[in-house]
Structures are given as structure tokens and as C-alpha cells.
Number of protein chains: 2
Amino acid sequence: MNKNLQRMATMHRMQVKGLELFYRQGYYNTSIDDILKSLELSKGAFYHHFDSKEDFFISIVQNLIVQKVYALLIEPLERKGEPFTALIECFDNALLTAENNEMDHGFVLGNFMTEFNGRNPEIMKYLTDLYKVWEVNLVTALQRGKSDGFVDRHVDVEGVATYIISSYFGLRTLMVEGNARSLRYNYIQQLRGYCRTLRPKAAV
Amino acid sequence: MNKNLQRMATMHRMQVKGLELFYRQGYYNTSIDDILKSLELSKGAFYHHFDSKEDFFISIVQNLIVQKVYALLIEPLERKGEPFTALIECFDNALLTAENNEMDHGFVLGNFMTEFNGRNPEIMKYLTDLYKVWEVNLVTALQRGKSDGFVDRHVDVEGVATYIISSYFGLRTLMVEGNARSLRYNYIQQLRGYCRTLRPKAAV
DNA sequence: AATTTCACCGACCAAGTGGTCGGTCTTCCG
DNA sequence: CGGAAGACCGACCACTTGGTCGGTGAAATT
């Protein structure tokens with residue numbers, strides 16, 4: 001096999017498994033040996049490709065998490081038209097994957113932000129940067145919604161964006177055990193109700 | 001000094017410092033030696049009072065966190081009258097302490113729920129139990145608000161409770177670096193707006 | 001065919017980790 | 001006063017951690 005392909009393949013395998021274990025067990029609670037054991041690879045292989053555990057994690061953020069957040073949470077907001085429908089659909093999809101115990105990359109971000117906050121500024125920077133991109137895009141979408149008459153002109157779009165993302169991150173914190181389904185349902189109901197109050201008021 | 005008092009005092013010192021470090025650095029990222037070093041106490045002292053690191057943490061939950069959550073987040077809701085004012089005041093206070101880098105015990109709870117989710121069911125149980133008490137009390141307060149005519153009778157009180165707590169937990173995830181002040185302001189504004197939409201509609 | 005490159009191996013290391021245990025010294029109680 | 005109780009000490013243990021390094025064998029280059 002082509003050596004470069006080989007290299008990429010191995011690195012990718014490590015990153016995918018690494019993300020899975022870091023997400024499930026936490027970064028500090030997951031050793032490199034854990035990852036290597038489940039891949040049947042050696043220490044040598046790992047340090048041949050990555051400088052350190054930290055470097056490894058950053059490569060996961062850049063290669064896996066960033067892409068997913070863009071694809072699943074940011075790009076869908078760029079559609080023209082009424083922004084709330086797209087947003088709610090996004091969230092509903094994400095929560096549905098979470099319900100099936102697959103990885104919900106929106107929350108992967110929130111989860112790691114919690115774990116690294118105040119503990120690893122280097123990694124934290126990559127995470128908050130990604131978060132900010134998401135936030136800015138949400139703000140932009142709302143702003144455009146305002147111009148297009150889908151959002152009331154008195155609405156504070158930044159405040160709304162923060163509030164919406166907050167509620168999403170927080171909900172995922174509560175999504176443990178078998179209560180995911182009803183939480184998702186309740187949450188989407190409330191989010192829908194909240195968004196409805198942001199639409200233009202009938203002329204007075 | 002009285003032996004029993006001595007015992008209590010030492011245990012309490014360990015718990016307070018333990019909570020501080022576990023909260024700041026994470027449970028898995030904080031060693032018992034870390035705590036003992038900063039208290040100038042020995043391993044022997046620790047294992048004389050506690051069975052294990054896990055047992056120690058549970059004692060912290062029961063002795064420190066439970067009390068604070070009750071005092072700061074649950075009891076204020078039990079007042080008669082319009083529930084939203086009490087709620088918003090609670091949250092504003094909590095966020096203010098967080099802004100000053102003191103411990104906000106509401107978020108201490110959410111933070112640890114994130115850290116232990118899927119990693120330590122034993123500890124998780126204590127945390128989710130406490131969370132449920134909080135939630136139930138919020139639901140009760142909203143229900144009472146409904147009876148007293150402060151909350152619209154069509155409102156789904158459980159959904160609202162979940163949504164409010166979610167938004168709070170999530171906001172705290174975003175409260176990093178120096179942006180706490182504006183986040184708090186924006187958040188309280190939005191929360192206020194959201195609560196307003198839950199009040200009884202004028203008769204049609 | 002000879003040589004260089006490089007993906008991967010795995011024994012090894014120092015520095016921790018949670019936890020044990022025999023001991024000391026003060027306080028308490030008969 | 002004398003002995004038991006118990007708060008606290010700190011050396012020690014087995015094990016895990018992130019990370020190093022000399023090696024091997026197959027593929028790529030010459």
C-alpha cells in the first residue's frame with residue numbers, strides 16, 4: 001500500500017477511536033494505552049504520528065469536530081428564508097442522534113468546553129474559537145431573518161443566539177439515562193414556543 | 001480540643017478544599033495528594049476519615065453541595081406569589097457569584113453531572129437525585145403560580161422547568177474568560193422575556 | 001540490487017496514582 | 001494515674017500515566 005495512504009489511514013483510525021473514548025470517558029480519564037489497546041497498536045505508532053496527548057486531541061478537534069459542527073450546525077443555517085425552522089430542525093436531528101447514543105457533535109463541543117475550562121487554555125482556545133464561529137453564524141442567520149421580515153425588529157439577536165445555544169448545551173447535560181426521549185420532545189416544544197415569540201408582532 | 005469537634009473540623013477542611021479543587025480542576029484531574037498538600041495533612045489523616053476518593057466525593061455532595069443548592073436555588077422558590085421574579089432573582093444572584101469567580105453551586109451540580117455522566121453511576125445517582133429535587137420544586141412553584149393566576153393555564157410546567165434549567169446550565173458552560181458580565185446581562189434579559197410569554201394572556 | 005525511508009514495535013523510564021499499615025502523641029475516661 | 005481510643009503521620013506498595021528510544025521489516029528510491 002502507498003505509504004502516505006497508510007499513514008493517513010492509521011492516524012485517522014487513532015483519531016476516530018480517540019474521539020469516541022475521550023467523549024465517553026473524558027480526556028483526563030482516558031489513557032493513550034486505552035486507545036492503543038482497543039486498536040491493537042503500539043506506543044511507538046502513536047508517538048510516531050503525534051507529539052503528545054494534547055497534540056493528538058487538537059488534531060481530533062481540527063480534523064473531526066470542526067467538520068461535523070460545520071456540516072450539522074452551521075451550514076444548515078445558511079439557507080435563505082425563515083431561520084427558526086432550519087434551527088429547530090438542526091437541533092431536533094442532533095438530539096435524535098444523541099438519543100440513539102451516537103455522537104452529537106454539538107454537544108461534543110459543549111462537553112469538552114466544560115472539561116477543559118480552566119484546565120487547559122491551549123485546547124480551550126480551539127474549542128471556544130469553534131463555538132464563536134457557530135454563534136456568529138447563528139447571529140447572522142437571525143439578522144438576515146430580521147431583514148427578511150421573519151424576525152421582529154426589536155429582537156436582540158445576540159441575546160437570542162446566546163440563549164438558544166445555552167439551552168441546547170444545558171439540555172444535553174440533562175440527557176442522561178433513559179429520559180432522553182421525553183426531554184427532547186419537551187425541549188423542542190419549548191424552543192418552538194420561544195421562537196414564536198420572536199416573530200414580528202402584528203401591527204398595532 | 002474536644003476530639004469529636006477536632007474530627008469534624010478536619011473533615012470539613014478536607015471537604016471544602018476538596019470541593020474547591022475538584023470544581024476547578026475536575027475530579028479525575030485532581031489527586032488526593034493535591035488536596036492534602038495544600039492542607040498540609042497526610043495520607044493517613046485522609047484515609048482515617050474517608051474510605052476512598054469516591055466516598056470522599058460523595059460526602060462532599062451530601063454535606064456541602066446539597067445544602068447550598070437547597071439554600072440558594074430551592075428554598076427561594078417556595079415563597080408565595082409570582083414565581084418568575086423569585087426565579088430570576090435566584091439566577092441573577094448565582095450568576096453574579098460566578099462572575100466573581102466564586103462557586104456557583106447550581107453550576108457545580110451541572111458541571112459534575114457532565115464529568116461523571118457515563119463514568120461513575122454511583123456518584124451520578126447522588127447528583128441526578130439532587131437535580132430532580134430542584135426540578136420538582138421548580139415545577140411545583142410554577143404549578144402554584146398557575147393556581148394563583150400568575151402563569152397561563154395552557155403552559156406545560158414540566159417543559160418550562162426543563163427549558164429554564166437547561167438554559168441556565170448551558171449558559172454557565174459558556175461563561176469562560178472575561179465575557180461573564182455581558183453573558184449574564186443578555187441571559188437575564190432573554191429569560192425575563194421568555195417568562196413574560198408564560199403569563200396569562202389577556203382574555204380574548 | 002543496494003540503500004534509504006518510514007510505519008510500527010515494545011521494553012523501558014520517571015513521576016505520579018489510589019490505597020495500606022505500623023507507629024506516635026494527645027486527649028479522654030475509669 | 002494508667003490505659004484505651006483515636007487523630008494524625010509518612011514510608012511504602014502495586015499499578016498506571018505520558019513519554020522515550022533502539023530496533024525491525026517492508027516499501028520506495030536510486
Side-chain angles (χ1 to χ4, degrees), chain A residues 1-61 63 112 115-116 119-123, chain B residues 1-61 63 112 115-116 119-123:
Chain A
M1 197 201 294
N2 178 299
K3 265 191 191 177
N4 201 39
L5 276 183
Q6 175 81 12
R7 177 190 174 81
M8 297 302 241
T10 306
M11 286 177 78
H12 192 252
R13 278 181 70 213
M14 288 179 182
Q15 289 166 334
V16 169
K17 180 61 78 177
L19 176 55
E20 183 195 323
L21 294 188
F22 286 147
Y23 178 62
R24 275 206 344 243
Q25 315 177 18
Y27 176 83
Y28 292 110
N29 197 30
T30 302
S31 69
I32 295 178
D33 277 340
D34 284 346
I35 298 164
L36 295 171
K37 204 179 297 168
S38 78
L39 290 174
E40 299 191 356
L41 284 170
S42 67
K43 271 277 170 71
F46 183 87
Y47 283 96
H48 179 66
H49 294 300
F50 303 100
D51 290 343
S52 64
K53 190 182 181 186
E54 181 173 315
D55 172 63
F56 176 55
F57 185 83
I58 292 173
S59 85
I60 291 177
V61 175
N63 289 292
F112 285 132
E115 182 163 12
F116 289 111
R119 290 158 210 171
N120 188 320
E122 170 86 9
I123 291 182
Chain B
M1 198 202 291
N2 178 298
K3 265 193 194 174
N4 201 39
L5 275 184
Q6 175 81 14
R7 176 187 174 84
M8 297 303 240
T10 305
M11 287 177 77
H12 192 254
R13 277 180 70 212
M14 288 179 182
Q15 289 165 334
V16 169
K17 179 61 77 175
L19 175 56
E20 183 195 324
L21 293 188
F22 286 147
Y23 178 62
R24 274 201 350 237
Q25 315 179 20
Y27 176 83
Y28 293 110
N29 198 30
T30 302
S31 70
I32 296 180
D33 277 340
D34 284 347
I35 298 163
L36 294 172
K37 203 179 298 169
S38 79
L39 290 174
E40 299 192 355
L41 284 170
S42 66
K43 270 279 172 68
F46 183 88
Y47 283 95
H48 179 65
H49 293 300
F50 303 101
D51 290 343
S52 65
K53 190 183 180 185
E54 182 173 315
D55 172 65
F56 175 56
F57 186 82
I58 291 173
S59 86
I60 290 177
V61 175
N63 289 290
F112 285 133
E115 181 163 13
F116 289 112
R119 290 159 210 170
N120 188 320
E122 170 85 10
I123 291 181

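The sequence lines fix the lettering, A, B, ..., with proteins before strands; numbering per chain opens at 1.
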Chemist: Rounded to the nearest 0.5 Å, what separation is found between the CG atom of A:Asn120 and the OH atom of A:Tyr28?
Modeler: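 Result: 5.0 Å between the selected atoms.
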Chemist: Is there side-chain contact between B:Asp34 and B:Gln25, with heavy atoms separated by less than 4.5 Å?
Modeler: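 Yes, close enough: below the 4.5 Å cut-off.
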Chemist: Taking only the side-chain heavy atoms of A:Ser42 (C-beta and beyond), determine which of C:dT17, D:dG19, C:dC9 contains the nearest atom.
Modeler: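 Shortest atom-to-atom distance from the side chain points to C:dC9.
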Chemist: Hey, what do you get for CD (A:Glu122) to CG (A:Asp55), rounding to the nearest 0.5 Å?
Modeler: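 Here the interatomic distance stands at 9.5 Å.
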Chemist: Which letter, B, S or -, goes with each nucleotide of nucleotides 1-6 of chain C from 5' to 3', with contact meaning a protein heavy atom under 4.0 Å?
Modeler: ----BS
Chemist: Look at the side-chain N and O atoms of A:Gln6 and state whether any lies under 4.0 Å from the OP1 or OP2 oxygen of D:dA26.
Modeler: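 No, outside the criterion.
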Chemist: Ignoring backbone atoms, establish whether B:His49 has a side-chain N or O less than 4.0 Å from OP1 or OP2 of D:dC8.
Modeler: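 Checking D:dC8 against B:His49, a side-chain N or O does come within under 4.0 Å of OP1 or OP2.
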Chemist: Without decimals, in angstroms, what is the distance between A:Ile35 CD1 and D:dT16 C1'?
Modeler: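 Roughly 15 Å, once rounded to whole Å.
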Chemist: Between A:Ser31 and A:Gly44, just flag the one whose closest nucleotide in DNA chain D comes earlier from the 5' side.
Modeler: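 Of the two residues, A:Ser31 wins.
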Chemist: Examine distances only and state if a side-chain atom of B:Thr30 and a backbone atom of B:Tyr27 form a donor-acceptor pair shorter than 3.5 Å.
Modeler: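 Checking the backbone N and O of B:Tyr27 against the side chain of B:Thr30, no donor-acceptor pair under 3.5 Å is found.
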Chemist: How many Å lie between CZ on A:Phe46 and P on C:dC12, as a whole number?
Modeler: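 The answer, rounded to whole Å, is 22 Å.
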Chemist: What's the spacing between B:Phe57 CZ and B:Gln15 CD if we round to 0.5 Å?
Modeler: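 Here the interatomic distance stands at 11.5 Å.
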Chemist: Could you state the atom-to-atom distance from CZ of B:Phe56 to P of C:dT17 in whole Å?
Modeler: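 Going from CZ in B:Phe56 over to P in C:dT17 covers 15 Å.
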Chemist: Figure out the CG/P separation between B:Asn2 and D:dA5, and round it to whole Å.
Modeler: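 Taking CG of B:Asn2 and P of D:dA5, I get 17 Å after rounding.
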Chemist: For a quick check of understanding: with a heavy-atom distance under 4.0 Å over all strands, which category does B:Lys53 fall into, base, sugar-phosphate or nothing?
Modeler: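 Sugar-phosphate: the residue B:Lys53, judged by heavy atoms under 4.0 Å, touches backbone atoms but no base.
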Chemist: Could you give the CZ-to-C1' distance, from A:Arg13 to C:dA7, as a whole number of Å?
Modeler: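 Going from CZ in A:Arg13 over to C1' in C:dA7 covers 13 Å.
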Chemist: Just N and O in the side chain of B:Tyr47: are any of them under 4.0 Å from OP1 or OP2 of C:dT20?
Modeler: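 For B:Tyr47, the contact criterion (side-chain N or O under 4.0 Å from OP1 or OP2 of C:dT20) is not met.
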Chemist: I need the minimum non-hydrogen distance between A:Tyr47 and A:Ser52, along with the two atoms involved.
Modeler: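 Nearest heavy atoms, A:Tyr47 then A:Ser52: CE2-CA, 4.1 Å.
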Chemist: Whole angstroms only, please: what is the CE-P distance between B:Met8 and C:dT27?
Modeler: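 Computing the B:Met8:CE to C:dT27:P distance gives 19 Å.
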Chemist: Distance check needed: D:dG18 C1' versus B:Asn29 CG, whole Å only.
Modeler: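 So the CG-C1' distance, B:Asn29 to D:dG18, works out to 13 Å.
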Chemist: What integer distance in Å separates B:Asn4:CG from D:dC8:C1'?
Modeler: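 It works out to 16 Å between those atoms.
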Chemist: Any side-chain N or O of A:Thr10 below 4.0 angstrom from OP1/OP2 of C:dC8?
Modeler: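 For C:dC8, OP1/OP2 do have a side-chain N/O of A:Thr10 under 4.0 Å.
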Chemist: Decide, yes or no, whether a salt bridge links A:Glu115 with A:Arg119 under the criterion of side-chain N to carboxylate O below 4.0 Å.
Modeler: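 A:Arg119 and A:Glu115: not salt-bridged.
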